[in-house]
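If you read the sequence from its start, that first residue is 1, and numbering goes on from there. First listed ligand is number 1; within each ligand, the first listed atom is number 1. What you are looking at is a predicted structure, and each value in this text was computed from that prediction instead of being measured.
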Amino acid sequence: MSTRAPATAAAASDVPFLWGVSTSSYQIEGAAFEDGKGPSIWDTYSHQPGRIVDNDTGDVACDHYHRYAEDVALMKALGVGAYRFSVAWPRVQPKGRGAVNEAGLAFYDRLIDALLEAGIEPWLCLYHWDLPQALGDLGGWANRDCAFWFADYAALIARRTGDRVKRFATFNESSVFTLFGFVMGGQAPGIADRNMFHRAIHHVNLAHGGAIDVLRALVKDASLGIVHNVQPCRAATPTPEDVKAAALFDAYWNGAFADPQLLGHYPALIADLMEPWIAAGDIARICRPIDWFGLNHYSPLYMRASDDNPIGVGWGAAPDSVPRTSFGWPIEPDGFRDTLIDLSKRYRLPIYVLENGRSNPDVVDDKGEVNDPDRIAFLDAYIGAMNEARAAGADVRGYFVWSLLDNFEWSSGYSQRFGIVHVDYATGKRIPKASYRWYADLIRGTASPSAAMR
Ligand code: FCB
């Protein structure tokens, strides 16, 4: 890892900086079939044998649905100013359209009220991948109508929560759930079809634009954005095939959503592929003004040409010299700094980092404590890199750690722990880790072990 000043909470400008934590519905809530919730495509997918490590499911997860008050208390003690969570669409609208589930809405009311009571700003994400299965049965995002069902769902949430919630994100990581769900494998709905993939991209973009219009119309003083996962895409080797594959992947991963939403066009490399699905007026429907850019960032991607899937791009390896997390994800804070600087210039929006963190094979020691120095070193390096980007002029307004809790890490199930709070999945018991205390110190501006060295 490069040498850089340790992380501090000090702002590079006078804009007040927002510290937060993030989670998502399917990864923490549990109560998957309780109080009238309908099944999502992730309920279906995780129950298919062999899809998830150890055949884990989100049926119980962190049981946040019942333990939310304890989790809000943990956030209050941590000192965060904001909490980003997602609403499970099938919890509030079991079939994705039509009938509303009052018990599901009441859960989010309780959560939002508890957050406000604790002085924590709710950041509500409408979609973190748990599409109602009933809509999945109709083709899901490959069906153009899904964009309009999503706008209706956005209206439901806006009307119900807009008196208390002002920060809304439409989607989390559209590139990830469409790439993995429709061509590369590893995520719901588990399809491999290039045409469906391209349709899904376009329909998610339409859904975003439609939802922004709805939220703007229904929520007074709304502050709206979307969360993109932007990672530099590098060729795993210098061969022309791998260089070409990495460029195509960059267009899908980094450009297929943000470019039409914010610049009004698809990236040149995929424009022809998208053309058949674009109807008159669509780009204007997609490219709506938003207030901020939400960034999730973990590590650069190393790609190679591959015949394994319909887009011809597969995963390569980072150079041996690059350190990696236990998950195998490269640790390159310089890539984070450069991404922030590039994004700030490209889209000219305030940026909130809405996910960053690492997994670790954390264990509870004899004293009942969880020490995770590797996570502290990671956060320290990445927050330091972010501060360098800010000093270089990037307009970064907030940083949210992924994640508050250890949780269901998609196809890796419970094998990867990303939390700053340890969760014993058998009992639900929470134990704040050393990184939780480090982050609390950082937020309060008191000396953290490394910040004190400054
Ligand atoms: C992101 C997802 C989030 C979590 C982290 C580790 O891609 O948005 O749900 O799984 O990765």
Asks: Report, in ascending order of atom number, the atoms of ligand 1 lying under 4.0 Å from any heavy atom of Asn172.
Replies: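 Counting atoms of ligand 1 from 1, those under 4.0 Å from Asn172 are 8 (O).
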Asks: If you look at every heavy atom in Arg430 and Gly428, which pair is closest and at what distance?
Replies: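 Closest pair (atom of Arg430, atom of Gly428, distance): NH1-O, 2.7 Å.
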Asks: Tell me which protein heavy atom sits closest to atom 6 (C) of ligand 1, plus the residue, atom name and distance to 0.1 Å.
Replies: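 The answer is Glu409 OE1, 3.4 Å.
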Asks: Using a strict 4.0 Å cut-off to heavy atoms of Gln27, name the atoms of ligand 1 that fall inside it.
Replies: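 Answer, ordered by atom number: 3 (C), 4 (C), 9 (O), 10 (O).
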Asks: Among all protein heavy atoms in this structure, tell me which lies nearest to atom 3 (C) of ligand 1, with the distance rounded to 0.1 Å.
Replies: Glu355 OE1, 3.4 Å
Asks: Report yes if the distance between the aromatic ring centroids of Phe400 and Trp123 is under 6.0 Å, otherwise no.
Replies: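 They qualify: ring centres under 6.0 Å apart.
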Asks: Tell me yes or no: between the side chains of Tyr399 and Asn356, is some donor less than 3.5 Å from an acceptor?
Replies: yes
Asks: Side-chain atoms of residues 148-157: list all donor-acceptor pairs with protein atoms under 3.5 Å, sequence neighbours left out, distances to 0.1 Å.
Replies:
{"residue": "Tyr153", "atom": "OH", "partner": "Val87", "partner atom": "O", "Å": "3.4"}
{"residue": "Tyr153", "atom": "OH", "partner": "Leu126", "partner atom": "O", "Å": "2.8"}

Asks: May I ask you to identify the nearest protein heavy atom to atom 5 (C) of ligand 1, giving residue, atom name and distance to one decimal place in Å?
Replies: Tyr298 OH, 3.3 Å
Asks: Below 3.5 angstrom, do we get any N/O pair linking His128 and ligand 1?
Replies: yes
Asks: If you count the atoms of ligand 1 from 1 in the order shown, which ones are under 4.0 Å from a heavy atom of Trp410?
Replies: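 Listed by number with element, the hits are 3 (C), 4 (C), 9 (O), 10 (O).
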Asks: Give me the atom names and distance for the closest heavy-atom approach of Gly316 to Ala236.
Replies: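 Looking at all heavy atoms of both residues, the closest pair is CA-CB, 3.8 Å.
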Asks: Counting from 1, what ligand 1 atoms have a heavy atom of Phe418 closer than 4.0 Å?
Replies: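 In order of number, 6 (C).
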Asks: Just to confirm my output: which protein heavy-atom neighbour is closest to atom 7 (O) of ligand 1, and how far is it?
Replies: Glu173 OE1, 2.5 Å
Asks: Write down the atom of Pro122, the atom of Ile112, and the distance for their closest heavy-atom approach.
Replies: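 That closest heavy-atom pairing would be CG-CG2, 4.2 Å.
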Asks: Going from CZ on Phe107 to NE2 on His66, what distance comes out if it is rounded to the nearest 0.5 angstrom?
Replies: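 That separation rounds to 9.0 Å.
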